[in-house]
Amino acid sequence: MAVPFITEVKRTHTCGQLTKSNIGEEVVLFGWVQNRRDHGGAVFIDLRDRDGLTQVVFEPDIAKEAHELAGQLRLEYCIGIKGRVASRGTQVNPKLKTGEIEIKATDLSIFNRSEPTPFLIEDDIETGEDKRLAHRYLDLRRRPLQQSLMTRSKMNAITRSYLVDKGFLELETPFMGKYTPGGARNFLVPSRLNPGRFYALAESPQLYKQLFMVAGFDRYFQIVKCFRDEDLRLDRQPEFTQIDIEMSFVTQDDVFTVVEGLIKRVWEEVLGVEVPVPFPRMNYDESMAKYGNDKPDLRFGLEHILLTDVVRQFGESGGVPMMWEAVQAGGIVKAMVIPAEKALSRAESDKLEDFAKQAGAKGLARAKVGEGGDWTQSPLSKTINPELRQAINQACGAKPGDLLLFQFGKESLVHTVMANLRVHVAKKLGYIPEYGSGGVWKFLWVVNPPLFEFDEETNTWAAAHHAFTRPHDEDVPHLLSDPGRVKCYRYDVVLNGFEIGGGSIRLHDPKVQAEVFKALGIVDEDARAKFGFLLDALKFGAPPHGGIALGMDRLAMLLTSAESLRDVIPFPKTKTGTDMMTGAPGDVDDRQLREIHVRPAPLPQK
RNA sequence: GGGGAGUUAGUUCAGUUGGUCAGAACGCCGGCCUGUCACGCCGGAGGCCACGGGUUCAAGUCCCGUACUCCUCGCCA
């Protein structure tokens with residue numbers, strides 16, 4: 001007598017569809033038991049699928065058999081029901097889309113029972129992430145994650161449709177390629193057929209997409225996995241997805257237009273949010289000076305103030321030996337103002353110092369500005385020259401009650417500490433939420449960065465992006481004489497403090513390319529060994545070209561206000577690159593290793 | 001590689017100066033209940049206190065080490 005669910009009786013609706021307008025209809029729903037409320041005489045079930053929740057009620061006078069079976073139902077049982085849609089009358093549940101109706105069930109089939117789950121399937125879960133990752137298939141039943149992945153799916157669809165409409169071709173590139181030094185550390189794949197040799201998993205399709213341009217494909221894109229064997233962060237995974245784009249015959253602005261259009265459409269269709277285009281642009285130098293990094297969060301102020309020149313001007317007479325020494329040693333001095341109306345307690349500002357130290361600072365000098373511009377609560381106040389104090393107050397635009405935070409020393413460290421501090425303070429003061437956008441979307445292009453950066457370890461100039469980025473024409477004469485001043489056509493697109501993409505216009509002129517290599521100290525043979533195939537390709541009428549790669553995972557994370565990349569990746573890895581569910585990376589046996597000609601080195605003794 | 005935080009029932013946590021400290025809530029099991037939607041009521045089971053050493057008359061608690069997880073700096077052209 002059992003109803004032949006699935007084979008003959010098909011699902012008529014999902015659990016998020018039914019409304020008042022369906023009252024009276026006979027329906028069939030499949031799903032999981034989200035909750036049960038057994039009153040003996042009547043059993044209420046919240047039935048869940050990825051579309052929503054629907055209340056099902058089993059009553060003995062409607063269906064005796066189904067009611068008896070319903071008494072056995074437990075959380076996460078997978079079931080099918082048949083019944084009639086009924087009004088809930090006055091007992092509406094406003095929290096549910098389907099809250100005005102319920103299903104008076106006539107038939108029930110338990111497709112599969114469930115053991116008690118290791119954690120409850122709830123929206124607001126408190127279970128530790130490691131335990132959820134170990135049972136990811138259960139974690140993925142939760143609505144927030146279901147919605148994240150549905151959003152991702154939508155982004156994929158929009159991306160393909162937008163770019164294909166614009167004349168882009170979706171072309172694939174190999175994951176297994178040749179190892180090239182520099183850049184991110186590669187995962188290596190041993191070759192069974194070529195003893196002792198290795199493939200490298202692609203850290204990006206960079207070189208291949210340039211070859212597509214040489215081949216004349218003009219406009220390429222790919223939604224592609226990339227692999228990097230670097231330390232993980234909440235916004236970094238060892239394998240991640242990029243929307244990879246490359247175009248021929250374009251300027252930087254042409255690339256921007258394509259990306260802005262894509263993002264505009266994604267935000268519009270996913271969130272219903274209108275994103276103004278074009279995005280504002282900021283020079284790299286300005287970003288470093290005001291925000292301490294190249295991915296500023298523009299949802300709030302708290303800009304840094306550079307005081308290096310002021311301190312230098314006063315020299316020793318400034319009365320703050322630590323700052324003066326830092327400047328003399330080639331370092332910088334920066335300040336940030338916490339406005340009086342957001343006054344922090346002494347204990348809170350002490351905590352800021354702990355935070356700064358954690359970010360690598362030696363300490364955090366502070367000063368509270370008094371009525372007359374004097375400083376209190378500060379060791380600096382005793383020795384500082386009042387004129388320097390006045391000059392600093394003026395540079396900072398400080399008013400009574402403001403708290404000044406100082407950081408001085410090596411430029412890179414000062415920037416790092418101050419950049420972290422800025423975001424930390426903004427969260428503390430409530431300018432931005434701990435996670436998520438808070439409904440504010442500040443897009444930005446950071447442009448015109450230096451082509452090279454100085455590597456203090458090796459005392460040489462290194463490519464800041466990669467060796468194929470096109471320098472500004474007017475800087476080309478300085479490539480060898482003054483590499484530090486050469487700016488280039490590289491760009492990052494930034495959203496709320498996250499770098500969501502980056503790219504460049506590529507070098508296609510072999511002559512300039514040779515000079516860049518020279519500046520980098522790469523001799524011809526090295527260049528040939530590393531990038532020979534690309535250099536060869538550029539000789540055969542390579543078109544001017546450029547492109548960008550957008551971080552799909554980060555975009556999804558920001559779009560869904562997720563706390564972590566892990567929330568928008570179906571099966572992510574932990575901080576140490578392990579998979580809590582499968583146990584990867586795992587051991588392999590000796591025979592497998594012999595076959596691929598690999599012998600593990602002994603583990604270092606501890 | 002450096003710094004920090006954490007690990008006690010299935011889950012989230014409490015556990016004081018080392019001495020009835022093996023506890024709560026949710027979940028689970030049994031019973032009752034026809035309008036619940038965080039249903040309610042009664043009863044019950046469940047823990048090598050991450051692991052390994054040490055200190056002590058006595059360790060969940062103090063010390064050392066290991067593992068795992070998270071955050072962060074370095075790193076991520």
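Quick note on labels: first sequence line is chain A, next is B, and so on, each numbered from 1.
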Any side-chain N or O of [X] less than 4.0 Å from the OP1 or OP2 oxygen of [N]?
X       : N      : result
T90(A)  : G35(B) : no
T416(A) : G74(B) : yes
K575(A) : U72(B) : no
R37(A)  : C39(B) : yes
T576(A) : U69(B) : yes
N35(A)  : C39(B) : yes
R566(A) : C71(B) : yes
K357(A) : G4(B)  : no

Which whole number of Å gives the distance between the [atom1] atom of [N] and that of [M]?
N      : M      : atom1 : value
G10(B) : C48(B) : P     : 8 Å
C42(B) : C33(B) : C1'   : 12 Å
G74(B) : A59(B) : C1'   : 39 Å
U61(B) : U8(B)  : C1'   : 11 Å
G46(B) : C29(B) : P     : 16 Å
U7(B)  : G44(B) : P     : 31 Å

Looking at [options], which one has an atom nearest to any side-chain atom of [X]?
X       : options                : result
N420(A) : C29(B), A38(B), C73(B) : C73(B)
L120(A) : C76(B), C26(B), C37(B) : C26(B)
R236(A) : C37(B), C76(B), G35(B) : C76(B)
E102(A) : G35(B), U72(B), A38(B) : G35(B)
L75(A)  : A38(B), G35(B), C28(B) : C28(B)
T574(A) : U34(B), C70(B), A38(B) : C70(B)
D231(A) : A38(B), C70(B), G74(B) : G74(B)
K131(A) : U11(B), C70(B), U36(B) : U11(B)

Distance (rounded to the nearest 0.5 Å) between Y435(A) OH and D567(A) CG |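 Going from the OH atom of Y435(A) to the CG atom of D567(A) covers 9.5 Å.
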Side chain [X] and base [N] donor-acceptor under 3.5 Å:
X       : N      : result
R233(A) : G74(B) : yes
Q91(A)  : U36(B) : no
R74(A)  : C29(B) : no

Please name the nucleotide paired to [N] by Watson-Crick or G-U wobble geometry with both distances under 3.5 Å, or report none.
N      : value
C75(B) : none
C21(B) : none
A58(B) : none
C26(B) : G10(B)
U34(B) : none
C70(B) : G4(B)
G65(B) : C51(B)

Want to settle it: does E230(A) or A42(A) sit nearer the 5' end of RNA chain B, counting the closest nucleotide to each?
->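 Per heavy-atom nearest nucleotide, the more 5' residue is A42(A).
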Starting from the 5' end of RNA chain B, give me the residue, D61(A) or F119(A), whose nearest nucleotide shows up first.
->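 First, find each residue's nearest nucleotide; the 5'-ward one identifies F119(A).
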Between E100(A) and K20(A), is the closest basic N to carboxylate O distance under 4.0 Å?
->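 Salt bridge: yes.
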